[in-house]
Amino acid sequence: MLDKRGSAWHALRLMSELPKAYEPQAVEAKWYAAWLDGKCFEADAASAKEAYSIVIPPPNVTGILHLGHVLNNVLQDILARRARQEGREVLWLPGTDHAGIATQAKVERELREKEGKTRRDLGREAFLERVWDFKNAHGDIIIRQLKRLGCSCDWSRERFTMDEAYSNWVSHVFVELFKKGLIYRGKRMVNWCPVSLTALSDEEVVMTPQRSKLYFMRYEVVDAPGESLEISTTRPETLMGDVAVAVNPKDKRFSKYIGRRVRRPFPEAEIPVIADDHVDMEFGTGALKITPAHDKADFEIGVRHGLEIIDVFTPDGHVDCPGCPDLHGLERFEARKKAAAKLEEMGLLLKVEEYENNVGFSERAHVPVEPRISMQWFLKYPCVKEAADAVANGDIRFRPERWAKTYAHWMDNLQDWCISRQLWWGHRIPVWYRAEKLEALKGAESLDMSDLAQGDIHVGTEPPADAENWVRDEDVMDTWFSSWLWPFATMSDLGEDSATLRKFYPTTDLVTGPDIIFFWVARMIMAGFEFAGGLPFRNVYFTAIIRDLQGRKMSKSLGNSPDPIDLMDKYGADGLRFGLMRIAPVGSDIRFDEAQIEEGRNFANKLYNACRFRQMAGSDQCRVISDQKELPPYHTDIMAKLDELGTDLGAAYEEYRFGEIAHRLYEFLWNEFCDKFLEAVKLDLRESATADARERTLGTFDAVMARYLQLLSPYMPHIAEELSVRMGYVGDGEFVMDKPLPDAPLIDFDAADAQARAAAVYETAGRLRNLKAEYKLSTRKDVRFVVKGAPDWLAGETAVLSLLVGAGGIVLDDAVSAPKGTPAALTPVGEVIMPLEGLVDVEAERARLGKEIEKIRAEIAKSEGKLGNASFVDRAPSAVVAQERERLTEWQSKLTQLSEMLGGLE
RNA sequence: GCGCGCUUAGCUCAGGGGUAGAGCACAUCCUUCACACGGAUGGGGUCGUAGGUUCAAAUCCUACAGCGCGCACCA
């Protein structure tokens, strides 16, 4: 069954005196280096094997590993490693993302703190050099951390979103979409981040409930002094930009004012009262001040009514309104207080109410975004229908499936994507403007597409020939505008035929968080259809979100986010991986508990010690078991259970039930292999045992453990490799990580009888231990048992049973007659009697039996009630009724027995 | 406001029309020659609430509540 081992491994095994507890750190580093050395992770695009591919969700290049990454990447690693074992050609393509805003902000902060300079002090070129320096210094931190975790990525294909080849793709895509008329430039209301000083996409705005105030004020009606319109607002600081007051046309309270004018207090101006359906009559006073420059809804109303747009803020969120010196230059939240105070002074402020509303925050800078009119580049999404259909019809499968609904909803409500960012770090927009034209229009900020004649703008991957006469657009693209090309732009250089792309695209699985369905997943699908001829992946597995035990999201500021590196130091990478997988449910969130990781470590230790036991038992060569049918039931049983485990895991992998796989691996090793099999076969390994017994047991151990380690390998790759080699389960220079899973089962005959016997012995052992414990005899080794009515085969197993129970002896005697009241248990092998020899406290025993009898009477009453119910007996399936009758009989005989025992004590 | 998900033992979670499950934690015992990162035994739950379907509901259905997450122009 097993190959002969080379003598080198044998010698290693003999020489090594294993420490009592597994020490993962050195082992893990050793094997990772060995895998890299053996080029185990490198994908061969020319391979004839079936392809399996995943592209990593690229972490931020300057980021550090957090538990979310760990979960995400361990899942991918498990999939990749399992696919290798299944004989597929695996590409797990790694890389990092330049993360425009996050990275630039980091470098700017460092610049400010260390040198007191801004990026503008340095200038674009010099600043970008700094960012590259930063990237080069810190960019591989997270990569090193992923390696520590054991990630089996093909590092020879590592990509970065600002690699030259990748950047070429980004520009190309921009130019192509522009040519198609899907990219346009325009002045629109965008989400403006006053800290990052850039526009953001809708997805980068996080709506957050805020405790704020609702200000009630009045605007005087111009032609009716003394009369005024009451208005409510949360943002009095935008009052200077008010150009109208709107009411609902159906609102009778205000109909008389429509078309008349009210007085804006500062800077003083007369503004019209207009009617618009958007206004909710129920809310506040029913009258809404209209500030088209600073509110999306107001902007739309402004467009409908042809209103003026008065911008009263600077890009960094300060008031820009020289006509109102009190407020001019104030920061926007200072200005809010000041504006309210001014209204109060003027007698125009009626009241202020506490109010909770949703405010959009900048995802990166964590400050409220400012709706702002500005000139930006926008994209109308391509291939929307294909992308929506692909998920709806199952060409791309989401797991859990419910996310498909979220996706569909978003796809149905697509808004144009603002893709320009006023940053320097990123892919610069590949657009040039004729210098003289720009001059004439006083800078690009006011440059609308309509202002540009054909010859004034150049959109291309290369600068125009007479570059000195042109000025390049200052903006860069949204980071996600490069990320959405990831599945194919990582696999091919633009314009070149790529063997990698042909072999590995579309990818098989994508593993990511549901929080980036819109940011990334949906956009990749659209880009895949538009630029790579089809869907980018077939399955998307959405991970759970990791929370702390209180259910809060992990965050730096809360300090509730454990450092995965610390966890690996304490428990090993395998321990972290396994512990996390055991608590990873399919759907909902994960409550992270370090105790779970500790269990992962304990499990590794248990496994290690099982193997250590094997080594201490003998250095015999693994023996080919010639006739499995000659084996004792425990041996057959454990092999059959391993076969079953292999089958079950296969099915679980099909359905991405990662938690279940971890659970089954744990259960098999601990409960079946160690607690049952190893305990049952210890007699075979004693000095007194025959060579034959010893060999069959070591042979079975090796056969089972060798395969088990293979099955475990995707989850705990390092220890699986270590033990496989130490135990001699892989040949010299071979790795267990990519060894093909065997097709043939260990047991190829009907093992039901043997398994039933093994189960009977294990269960009997449990009952008898239980009986000992009831009489407080757990630690006694001299307790003897007599079995009545045992099956023939049991005679050969009494020694094992005795060992499992910790008994002084077990005899089979159908004719035994014990005194009444002798403790006994009904077991699968017959009635077993435990003679007490008068060592037990009679009073306590009597009380215990009394309680037990009460309980059983209650059960009998319940069961009899059920069977006395005609509708149950008539209409329930006969098997169920029979089962119930059987139960009743069991209870009744138990009652008889207990009553006799009680009687025996009298 | 709409949608989705969750609610099972002290904790973290499986399960799913026919006698409530696991791991941890807890209690008692055991330092027995693989493992105290261990072994044995045990206590502990009317499966969120209220109705309905059914011979039978923790499981299916309907409401409701609590929590979480999306989406939404209510200032």
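Lettering follows sequence order; numbering is per chain, from 1. If you're wondering where the values come from, they're calculated on a predicted model, not measured in any experiment.
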Nearest-Å distance for atom pair [atom1]/[atom2], residues [X] and [N]:
X	N	atom1	atom2	answer
A:Trp670	B:G23	CH2	C1'	10 Å
A:Phe398	B:G5	CZ	P	16 Å
A:Asp277	B:A75	CG	P	18 Å
A:Trp410	B:G70	CH2	P	15 Å
A:Glu370	B:A75	CD	P	15 Å
A:His663	B:G15	NE2	C1'	10 Å
A:Glu679	B:C30	CD	C1'	14 Å

Rounded to whole angstrom, note down the [atom1] distance from [N] over to [M].
N	M	atom1	value
B:C24	B:C33	C1'	29 Å
B:A14	B:G52	C1'	28 Å
B:G43	B:C4	C1'	39 Å
B:A34	B:G39	P	13 Å
B:U7	B:C64	C1'	14 Å
B:G10	B:G45	P	8 Å
B:G15	B:C60	P	12 Å
B:U54	B:G17	C1'	9 Å

Quick one: are the ring centres of [X] and [Y] less than 6.0 Å apart?
X	Y	answer
A:Trp403	A:Phe398	no
A:Phe701	A:Phe613	no
A:Tyr708	A:Phe673	no

Reckon [X] has a side-chain N or O less than 4.0 Å from the OP1 or OP2 of [N]?
X	N	value
A:Lys606	B:G39	yes
A:Arg601	B:C37	no
A:Lys20	B:C35	yes
A:Asn602	B:G38	yes
A:Lys289	B:A75	no
A:Tyr22	B:A34	no
A:Asn770	B:G42	yes

Counting side-chain heavy atoms from CB outward, which of [options] is closest to [X]?
X	options	value
A:Thr779	B:C29, B:A75, B:G23	B:C29
A:Arg591	B:C13, B:C35, B:U41	B:C13
A:Ala21	B:C37, B:A34, B:U12	B:C37
A:Ile583	B:A75, B:G18, B:U12	B:U12
A:Gln596	B:A75, B:C35, B:U12	B:U12
A:Met616	B:A75, B:G70, B:A34	B:A34
A:Asp675	B:C29, B:A40, B:G18	B:A40
A:Gln883	B:A34, B:G23, B:U19	B:U19
A:Lys682	B:A34, B:C74, B:A75	B:A34
A:Arg402	B:A34, B:G18, B:G5	B:G5

Treat a base pair as Watson-Crick or G-U wobble with both distances under 3.5 Å, then lay out RNA chain B in dot-bracket form, 5' to 3', with | for cross-strand pairs.
(((((((..((((....[..)))).(((((.......))))).....(((((..]....))))))))))))....
Under the 6.0 Å and 45° cation-pi test, does A:Lys606 pair with A:Tyr666?
no
Pick the closest RNA chain B nucleotide for A:Ala604 and for A:Gly766 by heavy atoms, then say which residue is nearer the 5' end.
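Comparing both residues, the 5'-ward one is A:Ala604.
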Pick the nucleotide of RNA chain B nearest each of A:Tyr666 and A:Ala765; which residue has the one closer to the 5' end?
A:Tyr666
Salt bridge or not between A:Glu370 and A:Arg372? Use side-chain N to carboxylate O under 4.0 Å.
no
Atom pair OG1/CG of A:Thr291 and A:Asp298 - distance to nearest 0.5 Å:
5.0 Å
Worked verdict on A:Arg767 versus A:Asn770 for side-chain hydrogen bond (donor to acceptor under 3.5 Å, both in side chains):
CA-CA 5 Å; A:Arg767 297 265 173 99; A:Asn770 174 320; over 6 Å; no
Quick one: does A:Thr543's side chain get under 4.5 Å of A:Phe658's, heavy atoms only?
no
What do you reckon, is CD of A:Glu401 surrounded by more than 12 foreign heavy atoms closer than 6.0 Å?
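For A:Glu401, atom CD is not crowded (no more than 12 foreign heavy atoms under 6.0 Å).
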Is there a donor in the side chain of A:Glu722 and an acceptor in the side chain of A:Tyr608, or the other way round, less than 3.5 Å apart?
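Their side chains do not contain a donor-acceptor pair, so the 3.5 Å distance test is not met.
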